Structures are given as structure tokens and as C-alpha cells.
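Everything on this sheet refers to the single structure shown next.
In what follows, every chain begins at residue 1, and chains take the letters A, B, ... in the order their sequences are listed. From a predicted model like this one, the values you see are computed outputs, not experimental measurements.
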Amino acid sequence: MKPPPFRYSAPTTVSDAVALLVEHADDDPRVLAGGQSLVPLMNFRLAQPGHLIDLRRVTGLDTLRLEDDVLVIGAMVRQSTAERSPDVALAAPLLAEALGHVAHPPIRHSGTVVGSIAHADPAAELPAVALAADAEMVATGPGGARRIPAAEFFLGPFTTALEPDEILTEVRFPPFPGGHAFVEFARTHGNFAIVGVAALVALAGGEVTRAAVAVSGMGPTPLRLTAAEEALVGRAPGAAAIEAAVDAGTAGLAPAGDLHAGAETRIDIARACLRRGIEGALARALDRR
Amino acid sequence: MTIIERRDVPPARTHGPRRWVGQSIRRVEDPKFLRGRGGYIADLVRPGMLHAAVLRSPYPHARIVSIDTTAAEAMPGVYAVVTGAQAAELTDPLPDFGPDPAKHTWRCLAVDKVRYVGEGVVVVVADDRYLAEDALALIEVEYDPLPAVVDPVRALDAGAPLVHEALGANLAYDRTFDFGDVDADFAEADLVVRDRLRWHRSGGQPLETVGAIADFDPSTGQLTAHTNSLSFTSYLFMAAATLRIPANKLDIRQVPAGGSFGSKLFVTKPLVIAGMCSRIVGRPVVFLEDRVDNISNCDHHGSDRVYDVELAVMRDGTLRGLRIDTIDDYGAYIQFGVGHHGNALAQVTGPYTIGSVRYRVRAALTNKNQQGAYRGFGSEVNNWMLEQMVDKAARELRMDPVEIRRRNFIQPAQFPYFIPTGNAYDSGDYEAVLERALELGEYDRWRAEQARAREEGRYLGIGLITAQERSVFSATEFWFWFDEPGAPVTSMPESVTLNVDATGGITATLYSCAFWGNSPETMVAQLVAEEFDCEPHDVSIVYHGSQGGLPATGPGGSRTTVMLAGAVEGASAKIKAKARRAASELLEVDPDDLEWTEGGFQVRGVPDRRKSLGDIAIALHLFKHTFPEDIESGLEESKVFDHPWTTMPSADRSDLGVFYPFMGHACHVPVVEVDVATGEVRILAYAAVHDCGTLVNPRSLAGHIVGGTAQGIGTALYEEFVYDDHGQLVTSSFLDYTIPSAMEVPELRIDHVETPSPYTPHGIKGGGEGGRMMAPAALNVAVNDALAPLGVRVTELPMTPDRLRAAIRAAEGAPPG
């Protein structure tokens with residue numbers, strides 16, 4: 001369980017890092033942040049990058065700040081840092097709650113928020129959070145930076161809209177005035193979840209005015225459950241609306257079964273998580289008023 | 001019912017007051033491990049040491065057409081590349097205690113064909129493990145895939161692909177045993193409770209996997225090996241034979257196991273691979289399994305059984321007879337035969353007065369890694385099976401699950417009690433254990449809580465079970481399967497040498513037991529302290545390598561403490577006999593006028609006329625001329641302690657004799673909540689009361705109970721080596737082989753009842769496996785109790801969310817009944 005040989009660079013600027021990606025394009029280069037997903041894959045020889053470009057020494061990537069109401073997280077912000085950040089708790093409490101479900105504390109001390117999103121594991125928590133929160137991805141390439149909406153970012157398992165010469169340098173979480181909840185189901189604490197649900201709802205005048213719901217583990221990418229959102233908006237928060245949202249949200253899902261849950265069980269669990277996620281978000285939204 | 005005359009019940013002992021045995025002392029082993037000075041295989045670096053890595057088969061079943069190692073051999077940093085065919089020229093088959101080993105020959109690397117995913121095909125020796133794995137990637141093996149045999153029941157079908165052509169079938173063993181009058185018990189029964197039960201395979205997960213560092217010295221022909229799997233020490237001559245070196249040129253040095261749980265029991269394959277490679281390259285070679293090696297190729301997967309069971313019961317709840325028909329999936333080889341079922345037969349009827357048993361066992365060979373040992377060695381599966389049946393009987397009779405158990409208990413006055421198979425239970429007080437467990441587990445309070453939760457739509461379940469915890473195996477359990485065994489039965493001895501130096505300091509030498517997670521050093525220190533009135537932590541404990549060592553067997557079958565106690569007792573008696581004689585010379589009194597008290601011999605009734613052990617020792621070491629001619633210098637004695645209570649089976653095997661006589665008992669009471677929406681099981685409370693005789697160190701025993709219960713929770717809810725329908729292993733790392741962590745294992749409430757064995761030193765019974773022997777049964781009963789309102793009964797472990805949801809969906813879809 002040892003990786004094959006690879007080359008390694010540790011640039012100090014984003015432009016140098018991008019230049020290295022371009023320079024070693026033929027050598028299957030990979031960007032290394034916290035290494036909590038990539039390095040195990042290398043040890044199993046499932047990933048065999050020829051060149052690792054380590055972002056640890058790149059200045060400016062550990063930024064974690066509020067720009068107006070938008071939470072900006074740089075590529076080297078560790079998950080544990082974000083988990084404990086008052087800014088994250090205030091501006092993106094959904095993210096803060098989800099981080100508590102990511103693996104175990106020692107892994108979160110190394111793993112990065114942005115790295116997990118860029119890795120795009122369909123079972124992971126943070127891509128689903130980014131999708132529900134309508135986060136913006138900042139991709140930096142040879143031509144500079146561009147922004148990609150989360151809805152256009154996740155293309156398939158471990159596949160994103162990033163070009164081979166681009167680095168995901170920032171993720172921007174816009175504010176969501178409402179209630180949030182992140183609920184997941186895993187075989188054991190800290191293991192990959194079978195299903196995760198990220199839910200955001202806003203209430204006004206006794207009815208749901210806005211809802212954003214995403215689910216992980218139910219397809220090749222995290223999925224935005226727009227049918228569930230539509231079933232909620234305009235209705236009074238209550239059991240009937242929740243059940244309607246659960247039915248609508250899971251109606252079109254066709255997950256692949258795996259070792260830990262067959263397709264039918266996966267839908268059962270998704271229904272339970274969706275119900276609990278929406279209930280939780282609604283309860284917080286009610287508290288908030 | 002036939003009454004069998006019982007001979008040879010050992011004389012009952014009386015147990016005196018104790019000073020150290022029974023005290024919770026700090027473990028002697030802890031400081032070195034807490035300081036990182038335990039010296040695991042990965043910590044040991046020999047000068048010039050090279051690293052071996054093994055190419056694993058990606059196929060469950062395939063012919064090896066060709067192997068091209070040219071590129072690997074040419075790689076810089078590579079010293080040797082050995083294929084299975086070449087290894088077969090250099091080594092003999094691995095030691096194998098199974099039936100007719102020549103028909104399923106087992107070697108350190110596969111020859112001609114591979115029989116499971118992960119089987120070793122080629123070994124590479126290189127400067128480091130990275131380079132060795134790089135070289136593995138350069139080896140080209142052409143396979144001709146064959147259809148795989150995966151399901152143990154279908155494996156026995158005519159026309160199933162053969163795992164071993166020489167065997168002519170996949171049935172390695174098939175025999176039916178009748179104990180007592182089974183037909184009469186079933187004919188007279190008011191009710192026969194039937195079920196089909198399925199227990200899937202899991203295994204012990206050591207922190208450090210199996211490894212060996214072998215160092216062959218061509219100038220002497222000596223092979224010195226450090227390995228963490230030293231056990232069955234008396235059988236190491238078999239490993240020497242495999243390596244084709246004289247047994248007196250093999251020295252195995254003990255290394256702490258980093259966890260075994262059975263999974264390091266007599267593991268010789270890494271030793272043979274490392275030894276063979278060291279001999280080729282003339283330098284020390286380490287082979288340490290990585291996690292994938294261990295999961296896929298450790299030869300120690302646990303039991304994998306299908307049961308068809310019938311239990312004959314009377315309307316008043318009396319349990320009369322059992323008919324058991326089990327098929328056990330042994331995987332591709334069968335190194336220990338069906339000894340696992342000997343374990344089951346040792347306590348097949350549990351704590352109950354069940355009078356007859358029919359036991360059919362069929363061993364199926366399939367394209368999987370083979371079975372070995374896992375905490376319980378098959379008895380835990382029997383406990384689970386029996387408790388499911390008793391629980392089902394209670395439900396069918398609408399009886400209280402506590403009451404049906406209580407009604408069938410063997411009573412204290414009935415010991416020694418002989419169960420239908422012939423095994424003896426030395427002692428017990430099952431009612432006392434049950435009462436304490438009901439109290440500790442707050443059984444009545446939880447029943448009320450369960451009713452309250454039901455009204456809220458929550459599903460709580462209480463899993464009370466009462467089951468046996470056999471200890472101190474006799475080798476007959478590997479032996480009585482055959483009408484004409486190849487050799488007489490062994491006594492599985494264990495040895496200790498005690499040395500009292502000139503200052504009176506005591507050193508105990510052990511011959512087998514490296515640290516397995518058990519506490520042999522603490523046990524011996526306490527037992528020596530008990531004998532000599534010294535501080536346990538002042539006793540020095542050392543290990544003797546296998547070369548020139550005394551007979552020893554090592555851990556297994558919860559035998560270590562009892563066997564070491566016997567050896568310490570015997571060696572101490574010899575030391576004291578010599579010391580008494582020496583003291584009588586020094587004090588000029590008759591030896592019979594001396595008594596041992598407070599660490600020395602004194603003249604009876606005259607406390608100021610005494611010699612301490614130190615006084616005696618310095619005289620014996622340095623002043624030989626003080627003594628008569630026949631007293632030799634020094635003060636060192638050894639005891640080889642043989643199994644204390646083994647009797648022979650009858651020729652027709654209707655009576656298997658006494659082979660596992662020191663019988664512990666436990667009652668576990670978990671409370672669970674099942675989330676019926678997701679199939680998740682949460683443990684709300686867990687109480688465990690054990691009786692394994694006299695406690696030696698309650699603190700280390702509690703560790704055994706907690707650890708074993710955690711593993712039992714894994715078996716019940718999380719752990720399974722899954723092979724898919726094609727024979728592919730899909731749980732080759734901890735990503736998919738889920739093990740419970742501190743987050744899943746609840747705080748246990750533990751207590752003990754002490755019913756001393758009349759037949760062992762101090763009344764000790766073994767207790768190393770009890771947690772895992774109880775928890776799977778208890779949790780299954782608990783989940784079934786929780787889901788009973790839905791009409792769901794789970795008969796398959798582990799109880800994964802997928803299996804629970806499927807059962808709940810089926811019940812929801814079923815017409816109301």
C-alpha cells in the first residue's frame with residue numbers, strides 16, 4: 001500500500017502553481033491541498049499522478065473572510081479552521097454543521113473545505129452544501145480567475161468543470177437568511193455517508209418563501225432537489241408540506257445500490273434524511289423569526 | 001436417556017485466602033506500550049534488512065497460464081522475485097491440521113491456479129516496500145479465469161466448479177453426531193421450533209498485521225525470525241519442516257502481536273515467505289502484511305455458517321432436544337479442520353439441561369480466504385444460534401424470555417455436569433448471574449420505558465441472553481472428528497521457569513505467550529507474587545525463544561491464565577521444596593517443622609527463627625558448601641503444565657469426552673432503539689455480568705469484556721467480509737469493512753459473579769473471549785424484541801441497515817397476520 005514514484009513541487013504563488021500545471025500537463029499533474037482524499041488513493045495506486053503541486057506554501061490561500069455578506073474560503077483553509085470559525089457559524093451555518101460530519105477531527109485538521117469540493121466525491125458532504133447554498137467556485141487558470149456557479153460545477157463522480165490547467169482557489173458562500181440543517185446517515189460515525197441532505201428554508205408571513213435542498217449519495221454528483229423545493233415554497237411549514245416535499249424530492253431519484261445500501265434502502269434512507277433535514281431547517285427558520 | 005459412567009473427575013481443590021490474585025493492579029505490560037517501546041514488527045529494523053511484498057490474485061478462481069517476471073527482476077533495487085512454482089521448489093506445503101491435507105494442498109504462494117482474490121502469486125524482495133510494490137506492478141501474469149464457487153450451499157451441488165480437483169468435491173467434511181436420545185425427545189415434544197439462520201464471516205482486526213523478520217545465517221544454517229504470530233509453539237517443528245531446515249536451527253523470537261483476537265493463531269505463511277526470501281538473498285528480510293494483504297489473505301476469516309435448527313420444547317417451557325444441521329463456508333483451505341465445531345460442541349446446549357443433540361456439520365470449500373480463528377472460535381456462533389432458538393421458543397410459547405431461561409438452567413448442585421456431547425461443565429451459578437444482570441441492566445425499568453416509547457412510535461428492544469464461555473481447550477476438539485486420527489491427542493502444555501537470583505529477585509520465563517492484547521506478564525506477576533508474597537511489579541518477566549524452549553502452546557481458547565497459573569504453581573512448589581530444604585539446613589531444624597509465611601520459611605510458632613527467600617537464595621547461589629552434597633547451587637525450577645482435565649472420546653463418538661471443562665457463563669442485557677425509517681440500530685444501554693471463576697485482575701478482565709463486546713457489536717451490526725456473486729472481495733479495506741469505533745460502542749456496565757472452579761489453581765477460569773461470545777446473540781435478540789410489533793424477526797448477521805430495511809419493507813408489504 002505504497003504510492004508509485006511521482007514528482008513534487010511546492011510553489012509559493014498561485015500563478016506559479018498554475019504555470020506548473022501547464023508545464024507538466026503531460027505528466028498527469030494533480031493539485032495537493034490537505035491530501036486526505038488524494039493520498040489514500042495514491043497509496044492504493046488508484047490515483048497515480050505523475051506530478052504533485054502542493055499548495056501549502058502558496059501565500060494567500062488560507063483566507064477565510066466575509067466580503068459584505070459573502071463568506072469567502074480560500075483553497076488552503078482547513079476544515080477544522082472553518083468548523084470553528086465564528087464567521088462561518090454566522091454567514092454559512094449550514095457549512096459549519098456539515099463540517100462536523102466530515103470524517104474525524106484529525107482528518108479535518110488536514111483536509112480543506114475547497115479541496116473536498118474540488119475532489120467532487122458524490123458521497124461527500126461539502127459538495128452538497130455548496131450546491132444547496134448556491135456557492136460560487138473561483139477557478140484560476142493561465143488567463144486569470146473565473147467564477148463557476150455550483151450548479152454548473154459538478155459534472156460526474158470526481159469530475160468538475162475545472163479545466164486541467166485551473167486550480168479551485170476560492171469558494172464563495174452567499175448569505176441565506178433562514179433556517180438550515182445538514183442531516184446524514186452513515187454506517188459508522190465519520191465513515192462515508194450513504195445519504196446526506198443539505199437544507200435551507202426561509203419563512204415569511206406564515207409560509208415558506210424560499211427553499212434550497214441538495215442531497216449527496218444519490219447519483220453521480222450531489223443533486224439539487226428542485227421538486228422538493230417547489231413543494232415547499234408557498235406552503236405553511238408543517239407535516240403536510242414536509243411529506244409533499246419528501247415525496248416530490250425522492251420521486252425522480254434512481255440511485256445505484258452498493259455494498260452498504262441497495263437502491264431501495266438508499267431511497268428509504270434519503271426519505272428519512274430529507275424529512276429530518278427539512279424539519280430541522282424549518283424549526284430553525286421558525287426560531288429565527 | 002443413556003447414563004454414561006464418568007471416570008476421572010479430578011480431585012476437587014480447596015482454595016485458600018488470596019493476597020494478590022483478585023486485585024486490580026496496573027498492567028505490567030502497559031509502560032512499554034504507552035512509551036512506544038513495545039517493539040512491534042514495524043519498529044524492528046535489522047541491519048541490511050530488505051522488504052518483501054506479495055502480488056495478490058485479482059481473480060477468485062483462475063488457472064495461472066504464465067508469469068513474466070523479467071521486468072521486475074531487471075528493476076534496480078530488486079533482489080529476488082519468486083513465483084509460486086519456484087517457492088514450491090524451495091519450501092514444502094504449509095502446516096495443515098485439516099482432514100486429508102494432500103487433497104487440498106496449501107502453500108505459501110499459489111501454484112498452477114489461484115483459489116481466491118488476494119491469494120499470493122509472486123513475492124518480490126527489494127530495498128524498501130515502495131520499490132517492492134513498484135516491481136509487483138511490472139510482473140505480468142496471464143490468468144485463465146474459471147467459474148467461482150461463492151455460496152456455501154451451492155458449493156455442495158453436483159457439478160459445482162471444484163476448488164480442489166484432487167478432493168473431487170467441495171465437501172471437505174461431513175458427519176452427523178448423535179448425543180443422547182434425540183428421536184425420543186423430538187417424538188415427545190409438545191412443540192418443535194424451527195429456523196434457518198445465517199451468520200456471515202467477519203474477522204479480528206489487529207492494529208499491526210501479521211509480520212515476520214527472517215534472518216538466515218548461511219554459515220550456521222540457522223534461521224532466526226522475529227514474528228508476532230508465535231503460538232502453538234510446540235508445533236514450530238512443522239514450520240521448520242516447511243522451510244526445510246532442521247527444527248533445532250529455527251529460533252522464533254516473540255514480538256508483541258498488536259492485537260490478535262485469534263487472527264494470529266499459528267500463522268506461518270509470512271514467516272515462511274520471509275524465511276524463504278532471506279535464505280535466497282542471504283540478508284534479513286521483513287514481510288509485514290499491509291491491510292489489504294491482511295483482510296484478503298490472512299487465513300483467519302471467522303465462521304461463515306448456514307444453520308437449519310430444530311428445538312424440541314414442552315408446553316411448560318422445558319427444552320428437550322436440539323437438531324442442528326450446519327454448513328460452514330471454510331473458504332479455499334481448511335487449516336484447522338472443523339475444530340470450530342468442536343468449540344461449539346463444548347457448550348452446544350448452553351447453560352440449559354437440554355438432554356439430546358443431533359449435530360450435522362458440513363464443511364464447504366469455496367473461492368474465499370480460508371477460515372482461521374476469531375475470538376470465540378465458532379462457539380460464539382453456537383451461542384447466537386441457541387439463544388435465537390430459545391428466544392423464538394419463548395415467543396411461540398408466549399413465555400417470558402427470562403422465565404424460559406431460568407426454568408432450564410443447570411442448577412449449582414448438579415456440577416460437575418456432563419452435557420450430552422460428553423463435555424463437562426465444572427461449576428456455575430447461572431441464577432446468580434441472571435439476577436445480577438437484571439439488576440445491573442435495570443431490566444424492569446427498561447421494559448417500562450420500552451412500553452412508553454412504543455406509544456410514541458419508537459422501537460426499543462431489550463436483548464437478554466444467558467450463555468456459556470468455555471475456557472482452556474484440549475486438543476481433542478481438533479482430533480475426535482476422525483475415527484482413526486493420525487496421532488494420539490496432545491495435552492497442549494504450557495511452561496514457566498522461575499529463577500530466584502542471589503538477592504531473592506524473581507524472574508519468570510515464558511515460552512510462548514507474547515503479548516496478544518491479553519496480559520500474560522501481569523497474570524504471571526500476580527500469580528508469582530501470590531506464591532512468594534512479593535510485589536507483582538517486582539517480578540521480572542522474560543520470553544524464551546523457541547530454540548531450546550520448553551513445551552508451550554500459547555494463547556487460544558481462553559487458556560492462557562489457567563495454564564500459566566498451573567505452571568507457576570508447579571514451578572513455585574519446586575522452588576519452595578528446595579528452599580525449604582535449604583532453610584532447614586540453615587536453621588538446623590527438620591524441614592517439616594518449617595512453614596512458609598510472609599516471604600520466607602520460619603520454624604512453626606517461632607517467628608524470629610526464619611529465613612527469607614533472599615537469605616535462602618544467596619546461600620544457595622554462593623555458599624554451596626553449607627549444604628549437603630546432593631543440593632545443587634542456584635534456585636531455578638520449571639514446570640510443564642499439561643491440560644488438567646481431558647478424557648478420551650468413545651470409539652463411536654457418541655461421547656466426545658471432556659475437552660473444554662472450565663465453563664464460564666455470562667448474561668448480557670443490551671437495550672437498543674431501531675430507527676425503522678433507516679434501519680439504524682442505536683445501543684441505549686448495555687449491561688454485562690460474567691462468571692469466569694476466581695478473578696485474577698478484574699481490571700484487565702474488564703478490558704477483555706469491553707473489547708470483546710465491541711467486536712461482538714461489530715459482528716452483530718457492522719462487520720462482514722463481503723464477496724460478491726462472482727467471488728470478488730468487495731471489502732478489502734476499512735472503507736468498506738466497517739468496524740465500530742468509540743462512537744458506536746456504548747459505555748458498558750460490568751459486574752462479576754465468582755464461582756471458583758474446583759479443578760484449577762485458585763479456581764480460575766479463562767475469560768478472554770466472553771464479550772464476543774455474548775454480544776452478537778444479545779443484540780440480535782434485542783433487535784428482534786424491538787421489531788416484534790412489526791412482525792419482523794431478523795435471522796442473519798450482521799444486521800445492516802440494508803437487511804433491516806428489507807425485512808421491515810417485507811413485513812409492511814405482507815398481509816396482516
Sequence neighbours excluded, which residues qualify as side-chain contact (heavy atoms from CB on, under 4.5 Å) partners of Ala33(A)? Met76(A), Thr112(A)
At a heavy-atom separation under 4.5 Å, does Leu735(B) approach chain A through its side chain, its backbone, both, or neither? both
Please indicate whether Leu207(B) has more than 12 foreign heavy atoms, meaning atoms of other residues, nucleotides or ligands, lying under 6.0 Å from its CG. no
Non-hydrogen atoms of chain A under 4.5 Å away: do they reach the side chain of Ile739(B), the backbone, both or neither? backbone
Please look at Val722(B) and chain A and tell me whether the side chain, the backbone, both or neither of the residue comes under 4.5 angstrom of a heavy atom of that chain. side chain
Does any heavy atom of chain B fall under 4.5 Å from the side chain of Pro3(A), the backbone, both, or neither of them? both
Show the pairs of one donor and one acceptor atom, one from chain A and one from chain B, lying under 3.5 Å apart.
from, atom 1, to, atom 2, distance (Å)
Met1(A), N, Glu133(B), OE1, 2.9
Met1(A), N, Glu133(B), OE2, 2.3
Met1(A), N, Asp290(B), OD2, 2.8
Lys2(A), N, Glu133(B), OE1, 2.8
Lys2(A), N, Glu133(B), OE2, 3.4
Arg45(A), NH1, Asp134(B), OD1, 3.1
Arg45(A), NH2, Asp134(B), OD1, 2.7
Arg187(A), NH2, Leu717(B), O, 3.2
Arg187(A), NH2, Tyr718(B), O, 3.0
His189(A), N, Glu744(B), OE2, 2.5
His260(A), NE2, Asp736(B), OD1, 3.3
Gly262(A), N, Asp802(B), OD1, 3.1
Gly262(A), N, Asp802(B), OD2, 3.0
Glu264(A), OE2, Arg809(B), NE, 3.3
Thr265(A), OG1, Asp802(B), OD1, 2.5
Thr265(A), OG1, Arg809(B), NH1, 3.2
Asp268(A), OD2, Arg805(B), NE, 2.8
Asp268(A), OD2, Arg805(B), NH2, 3.1
Asp268(A), OD2, Arg809(B), NH1, 2.5
Arg276(A), NH1, Asp675(B), OD2, 2.7
Arg276(A), NH2, Asp675(B), OD1, 3.0
Arg276(A), NH2, Asp675(B), OD2, 3.0

